[in-house]
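Just below is one structure, and these are the notes that go with it.
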Amino acid sequence: MLEQKEVKKEERVLPPLPNVESWGVVVTRFAPNPDFPIHLGNARAAILSYEYAKMYKGKFVLRFEDTDPRIKRPLTFSYKVVEDDLAWLGIKWDEEYIQSLRMETFYEIAKKLIEMNYAYVDLCKAEVFREYRNAGKACPHRNQDPAQNMELFEKILAGEFREGEAVIRLKTDLSHPDPSVRDWVMMRIVDVERYPHPIVGDRYRLWPTYNFAAAVDDHLMGVTHILRGKEHAVNTVKQLFLYKYLGWRYPEVVHFGRVGLEGLILSKSWIKTRLKEHPERFMGFDDIRFATIAALRRRGILPETIREVIISLGLSPTDARVSWANIAAINRKNADPIAKRLFVVCKPVKVIISGVELPKEVEIPYHPSKDLGKRRIVLTKPEVYVSEYDVQKLASGSVVRLMELFNIEVKQIDRNVVTAVYHSSDLETARRLSAPIIQWVPCENNTRIELVSADGMRLRRTLCIGESSIALLRKDEIIQMVRIGFGRVDEKKKNRVRIILAHE
RNA sequence: GCCGCGGUAGUAUAGCCCGGUCAAGUAUGCGGGCCUUUCGAGCCCGUGACCCGGGUUCAAAUCCCGGCCGCGGCACCA
């Protein structure tokens with residue numbers, strides 16, 4: 001009865017997916033490489049895929065594409081972090097696969113393609129093949145018959161070839177305008193003695209490439225709709241050959257543009273190398289200057305905010321640079337009803353007040369309209385801290401209201417101390433005098449705060465003082481620091497609480 | 001260089017396939033007001049865009065051609 005207004009204006013809905021009728025069901029997937037925790041761009045594919053599966057009451061599959069033990073080496077902890085990130089985003093998957101555990105399947109399909117004479121073992125050196133390919137000519141190994149190829153394939157499995165000495169290629173179209181499409185590599189040998197795979201170690205030496213593994217698995221897992229970034233556009237062309245040979249129906253594909261997040265770093269490889277070179281300069285893979293999901297979470301961005309941002313971008317093929325102001329606006333709306341409001345003063349300046357009766361105690365609700373409980377502030381000495389920012393705007397003789405407490409009249413402003421005298425208690429007087437209303441913190445009984453914020457690539461740490469109830473907050477709690485902004489409790493130490501500023 | 005995909009307000013997005021209802025909607029930003037013990041939230045008002053040039057048509061953001069610009073791909077990476 002009371003809260004009918006919750007309906008709000010209808011949320012933006014995703015456009016329909018193509019050809020749903022003819023497939024009968026919708027199965028989508030998110031297929032990350034566990035070489036690093038996921039970022040906003042990856043999350044876009046994950047969220048959209050999940051949302052569509054949900055919209056059509058279909059299935060959503062999580063598949064780790066960890067078939068490169070050497071160049072994009074999977075990190076053991078990433079599998080778990082990716083799962084955690086997805087779960088945090090509110091994504092639930094119906095099935096989960098790890099490609100490095102499906103090697104026998106890839107071998108089977110590869111053999112099948114060899115038998116059908118659609119694939120061959122290429123013994124050319126990479127540079128030699130490239131010359132044939134650029135000329136649009138067949139390399140000599142292309143004409144081997146299936147029996148010869150099968151024999152070579154078995155030899156590779158038996159370990160008779162080393163990394164770089166042989167690859168399995170799919171026969172495509174030697175005159176295709178994009179040379180990379182011509183007889184692309186399905187499988188290659190990796191020196192797993194040197195580069196053991198984090199999950200299967202050195203058990204396999206012949207590894208499928210992305211295009212082969214993804215193509216096979218999408219079909220085998222019944223995927224009907226693939227949603228991915230436009231950097232994958234050629235891969236569709238490549239994989240189409242394989243589907244045609246095997247008589248499979250290729251899933252519907254939607255390619256969307258890249259996402260950028262204003263002021264933050266998305267690139268996995270950039271983050272990885274910097275983190276490796278200068279670990280001391282960063283707070284980890286969830287450093288708040290990165291656009292990893294872990295970083296956004298650490299910063300106090302709510303999962304619902306990320307979901308809304310991604311859905312609002314839709315399926316547009318154009319690149320999008322999401323502005324931080326936009327994220328902040330959405331997050332503010334989402335955090336506002338659940339965030340406790342507390343007093344924090346940065347660059348504190350002491351105010352000595354005369355003419356007050358002590359001790360004085362005030363009880364203030366954590367939220368003006370939601371029931372989030374109350375907290376107490378006790379004043380035992382006639383001294384409070386206010387922020388330098390507010391002091392700068394004061395003049396001797398001006399009246400200012402200490403929020404929820406009383407009004408004071410400023411007498412004198414020295415460099416580090418303001419002296420004031422009690423003026424009145426009620427809010428109406430403050431209003432009538434147009435007195436500024438500012439937050440404050442008692443000089444006794446308070447909590448030291450390290451406020452961390454990101455200013456472009458610069459990390460800013462500010463020492464602030466907050467009311468004592470801040471020490472009672474849970475780690476990870478999202479709060480609103482009155483007149484400063486929203487933040488998240490990052491760490492609680494004995495004598496200090498670290499809060500990360502999300503946004504104003 | 002070659003191949004592919006795009007270009008709607010400061011930012012993002014809807015509309016484009018199936019031309020008129022689009023003197024272009026929405027969100028955010030910005031300006032102003034109301035409300036409020038926050039410079040927050042909410043409510044109200046305002047601001048501001050179809051890349052350029054041709055063509056087709058009674059009619060083009062929407063269709064065609066050319067140009068310009070941006071992005072992606074061109075791996076024994078994913």
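Note that these values count all heavy atoms, side chains included, but never hydrogens, waters or copies made by symmetry. The sequence lines fix the lettering, A, B, ..., with proteins before strands; numbering per chain opens at 1. The shown structure was predicted, so the numbers you read here are calculated from the model rather than taken from an experiment.
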Are the aromatic rings of A/F36 and A/F290 close, with centres under 6.0 Å apart? no
Please report the distance separating the C1' of B/U13 from the corresponding atom of B/C50, rounded so that it comes out in whole Å. 14 Å
Can we call the ring centroids of A/F486 and A/H503 under 6.0 Å apart? yes
Which atom pair, heavy atoms only, marks the closest approach of A/A435 to A/V399? CB-O, 3.2 Å
Taking the six-membered ring for Trp, is the centroid-to-centroid distance between A/F406 and A/Y422 below 6.0 Å? yes
In this structure, how many angstroms lie between the C1' atom of B/C76 and the CZ atom of A/R169, rounded? 7 Å
With heavy atoms under 4.0 Å as the rule, sort A/R228 into base, sugar-phosphate or nothing. nothing
Could you tell me whether A/D426 and A/R401 make a salt bridge, using a distance below 4.0 angstrom between a side-chain N and a carboxylate O? no
Has the side chain of A/E262 got a donor or acceptor atom sitting under 3.5 Å from an opposite partner on the base of B/U11? no
Between A/A31 and A/V482, which residue's closest nucleotide on RNA chain B lies nearer the 5′ terminus? A/V482
A/S369 near the nucleic acid: base, sugar-phosphate alone, or nothing, with a heavy-atom cut-off under 4.0 Å? nothing
A/S316 has a side chain; which of B/C39, B/A14, B/G7 sits nearest to it? B/A14
Once you apply a heavy-atom cut-off of 4.0 Å, does A/A126 come out as touching a base, just sugar-phosphate, or nothing? base
Using the C1' atom as the reference point in each nucleotide, state the distance between B/U57 and B/G19 in Å, no decimals. 9 Å
Classify the nucleic acid contact of A/F161 as base, sugar-phosphate or nothing, counting any heavy atom under 4.0 Å across all strands shown. nothing
Side chains of A/V344 and A/T447: does their closest heavy-atom pair fall under 4.5 Å? no
Minimum-distance pair of heavy atoms, taken over all atoms of A/A291 and A/L261: CB-CD2, 4.1 Å
Considering only the P atoms, how many Å lie between B/G40 and B/A78, rounded to the nearest integer? 49 Å
Consider the side chain of A/R70, meaning its heavy atoms from C-beta on, and name the nucleotide among B/C76, B/C39, B/U36 that approaches it most closely. B/C76
Minimum-distance nucleotide (side-chain atoms of A/T209 versus B/U38, B/A75, B/A78): B/A78
Roughly how far apart, to the nearest Å, are B/U62 and B/C16 at atom P? 12 Å
Do A/Y210 and B/C76 have a side chain to base donor-acceptor pair shorter than 3.5 Å? no
Over all strands shown, is A/V322 touching base, sugar-phosphate only, or nothing at heavy-atom distances under 4.0 angstrom? nothing
For A/D68 and B/A75, what is the distance between atoms CG and P respectively, to the nearest whole Å? 15 Å
Is there a side-chain contact between A/I377 and A/I364 in this structure, where contact means two heavy atoms from C-beta onward sitting under 4.5 Å apart? yes
What would the secondary structure line of RNA chain B be in dot-bracket form, counting Watson-Crick and G-U wobble pairs under 3.5 Å, with [ ] for pairs that cross earlier ones and | for pairs with another strand? (((((((..((((......[....))))((((((.......))))))...(((((..]....))))))))))))....
Please give the distance between the P atoms of B/G7 and B/G32 as a whole number of Å. 35 Å
A/P179 side-chain proximity, nearest of B/C76, B/C74, B/C3: B/C74
When you check the phosphate oxygens OP1 and OP2 of B/A78, does a side-chain N or O of A/T67 lie under 4.0 Å from one of them? yes
Both conditions, 6.0 Å and 45 degrees, for the charged tip of A/R73 above the ring of A/W207: are they met here? no
Picking from B/U38, B/A78, B/C76, the nucleotide nearest the side-chain atoms of A/H232 would be B/A78
To the nearest Å, how far apart are A/D218 CG and B/A78 P? 14 Å
May I ask you to check whether A/Y210 and A/H232 place their ring centers less than 6.0 Å from one another? yes
Whole-Å gap separating C1' (B/G73) and CZ (A/R258): 10 Å
Does a side-chain N or O from A/S323 land closer than 4.0 Å to OP1 or OP2 of B/U28, or not? no
Between B/G42 and B/A27, how far apart are the P atoms? Round to whole Å, please. 11 Å
Hey, would you say the A/F64 and A/Y79 ring centroids sit under 6.0 Å apart? yes
Taking B/C76, B/A14, B/C74 as options, the one with an atom nearest any side-chain atom of A/S180 is B/C74
Should A/H255 be counted as stacked on B/G4, where stacking needs a ring-centre gap under 5.5 Å and an angle between planes under 30 degrees? no
Please list each protein N or O that sits under 3.5 Å from an N or O in nucleotides 29-32 of chain B, with the distance.
none

Please state how far atom CD1 in A/I438 lies from atom P in B/G40, giving the value in whole angstrom units. 17 Å
Have a look at A/K125 and say if it touches a base, only the backbone sugar-phosphate, or nothing, with a 4.0 Å heavy-atom cut-off. base
How long is the line joining CD of A/E428 and P of B/U36, in whole Å? 10 Å
A/R321 side chain near B/U28 phosphate (N/O to OP1/OP2, under 4.0 Å): no
Rounded to whole Å, CG of A/L427 lies from P of B/U36 at a distance of 10 Å
With under 30° as parallel and over 60° as perpendicular, where do the rings of A/W440 and A/F343 fit, or are they tilted in between? tilted
Looking only at atom C1', what distance separates B/G48 and B/G67, rounded to whole Å? 28 Å
Whole-Å C1' distance, B/U37 and B/C44: 23 Å
Residue A/Y389, side-chain atoms from C-beta onward, closest of B/C39, B/A78, B/G40: B/C39
Under 4.0 Å, heavy atoms only, any strand: does A/D390 hit a base, just the sugar-phosphate, or nothing? base
Let me know the distance between CG of A/D178 and P of B/G1, rounded to the nearest Å. 16 Å
Determine if the SG-SG distance between A/C124 and A/C139 falls under 2.5 Å. no
Using a 4.0 Å heavy-atom cut-off, does A/E65 contact any base of the nucleic acid, only the sugar-phosphate backbone, or nothing at all? sugar-phosphate
Of the candidates B/G7, B/C5, B/C76, the side chain of A/V167 sits closest to B/C76
Would you mind telling me which of B/G73, B/G40, B/C5 lies closest to the side-chain atoms of A/V234? B/G73
So do the side chains of A/K230 and A/D319 get within less than 4.5 Å of each other, counting heavy atoms only? yes
Across the strands shown, which category fits A/N235 at heavy-atom distances under 4.0 angstrom: base, sugar-phosphate, nothing? base
